[in-house]
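In what follows, every chain begins at residue 1, and chains take the letters A, B, ... in the order their sequences are listed.
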Protein chains: 2
Amino acid sequence: MPRHHPPKPPADTAPPTTRVDDAIRAMTDYIHGEGLKVGDKLPSEAAFADRLGVSRTVVREAFKSLAAMRIIEMRAGRRAQVCAFDASVIALSLTHALRTEQINAQQMWDARRAVEMRTVALAAMRRTDAEAAGLLGLVAQMRSSVDDLAGMTEQDIAFHTAIADATRNPLFPVLVTSLTSAIRETNPIVWRHRRDTDARREVVEAHAGIAQAIADGDPEAACAALAAHFDLASRALVTAGFN
Amino acid sequence: MPRHHPPKPPADTAPPTTRVDDAIRAMTDYIHGEGLKVGDKLPSEAAFADRLGVSRTVVREAFKSLAAMRIIEMRAGRRAQVCAFDASVIALSLTHALRTEQINAQQMWDARRAVEMRTVALAAMRRTDAEAAGLLGLVAQMRSSVDDLAGMTEQDIAFHTAIADATRNPLFPVLVTSLTSAIRETNPIVWRHRRDTDARREVVEAHAGIAQAIADGDPEAACAALAAHFDLASRALVTAGFN
DNA sequence: TGATTTAAACCTGTATGATAGGTTGAGTTA
DNA sequence: TAACTCAACCTATCATACAGGTTTAAATCA
């Protein structure tokens, strides 16, 4: 029984690879193959077009794709160069997933808990004295600006980032920033819940506990304090009727 | 002393925003504003060009950028549609960071430890019986194919992914896959170290411990077993003279 | 001679127009 | 009603053109 309009599975089968895809592959291979590092320059668009035997249009779209993924950086007049790793790509990816409801805020919070549970432990082991002082200073700031929601938000970001920095592992600041910004961008529920001063004071004290444990160089205590912090947030989510 | 060719900070100041950037912003705003979900179609390139008052060239580069970030999916003939969240973007970003030595394998392993420490705990609490059986089955397979390095690698990936799946949090499989694939792509050291059968048997037993703890529904034991697993890997890294 | 200016060469950003080939849905036919 | 055809629409790619940054080296001035 020959069904014409052949086996065209209505949905998605093999996404046929396009010349732009090939070009993207060729370029990442080039970067890897030549051992290019951050700041190193790539050949011009024309050069790539020549080498790959495609039009500049294709090369350009490939370049733009890589630029979007922060693998290269493009600016008018100068050649594309290898770009520094940063949180923006992962943050955008996560934000998109949240916005389109492929994951929810609670799940994002849980991933963040997983990552930060390690960052506080490492921070407690590796922090410098200056970093410990910095964390305690941030807490002091939070205490004094407990009436200023915007300011406290700022300081909260700074606090968690500072902890991630203290791990000496550049991957952690990226992950923490990505997860945190995605949550914040799409889910101010927890902060709304912190309307009343009491709730915010509670939050500040949770931070104080974490900072103190890190300053004391006590990983277990730091983990416990962080767990308390996240439980607080979790409870707020539930109270606010999370999605 | 007026230096002409004015204060042009040789490096990087303000990356001037281009029309493509504006278009990208407009498109993500559109997706968010219209509340589009996975699979929903976007307007045609011509329509966007019209609406934004730019050429199709600009729209196309913007579309390709979003496609590269897996925010939309493009295919010849049909309209672009909102794309499902997957690990490829984060994986590529991490792979690039590794290749360009912005982070090293040890740091990547540590992030993976952080994430998986949570996945095993959650898996122990949430796994279905089928999933528990599946994990034990994978371990059995590993035991029997202890002579087949390629096979074991496959099963190792499947194992860790299965645990992440059992958390019921779709973010975890993505993170685990991204971190794992990045490591594997650029750092086969640990696997090379598993040349001799004894080392591999040790690895298999580490996995067995994790699987059993998850099957038992014992989060603490699962974490302990995973820690043992990662310490093994860590030792292998050191032995092999990590970078 | 050495610092400065200038301009040419090169590059990217954007626009326009054209063509080939994939997709879809409205008719049309068996 | 199921299968087929085709026109309209859409994306993939190319060629060409030009405006406006950047870089480099020649030209010029102190």
Whole-Å distance separating the CZ atom of R79(A) from the P atom of dT24(D): 9 Å
Residue V58(B), side-chain atoms from C-beta onward, closest of dT14(C), dT12(C), dT11(D): dT14(C)
hbond_proxy R56(B) side chain to dA12(D) base (donor-acceptor, 3.5 Å cutoff): yes
Whether over 12 other heavy atoms sit under 6.0 Å from R112(B) CZ: yes
Separation of atom CG in D50(A) from atom P in dC10(C), rounded to whole Å: 14 Å
Note: R99(A)-E185(A) ion pair, threshold 4.0 Å (strictly below): yes
Basic-acidic side-chain contact under 4.0 Å: R19(A), E61(A): no
Selection from dC10(C), dT22(D), dT13(D) that lies nearest to any side-chain heavy atom of R78(A): dT22(D)
Among dT23(D), dT14(C), dA12(D), the one nearest T18(B) by side-chain distance: dT14(C)
Whole-Å distance separating the CZ atom of R60(A) from the P atom of dA12(D): 17 Å
Length of the line joining F63(B):CZ and dC10(D):P, which is rounded to integer Å: 11 Å
Whole angstrom value for the distance that separates P of dA12(D) from CD1 of I24(A): 12 Å
M74(B) CE - dT23(C) C1' separation (whole Å): 15 Å
R19(B) side-chain N/O to dG13(C) phosphate OP1/OP2 under 4.0 Å: no
Upstream residue (5' side of DNA chain D) when D21(A) and G77(A) are each assigned their closest nucleotide: D21(A)
Shortest non-hydrogen contact between P173(A) and D165(A), atoms and distance: CG-OD1, 3.2 Å
Check: D86(A)/S88(A) side-chain N/O donor and acceptor closer than 3.5 Å: yes
Aromatic F48(B) / basic R51(B) pairing, under 6.0 angstrom, 45° off normal: yes
Between P of dT12(C) and CG of L66(A), the distance in whole Å: 14 Å
Nucleotide dT22(D), atom P - distance to CD of E73(A) in whole Å: 13 Å
Shortest non-hydrogen contact from A91(B) toward S181(B): CB-OG, 3.6 Å
Sub-4.0 Å heavy-atom contacts from residues 35-48 of chain A onto DNA chain C, ordered by number: S44(A), E45(A)
Which nucleotide in dC14(D), dG13(C), dT23(D) has an atom nearest any side-chain atom of A76(A): dG13(C)
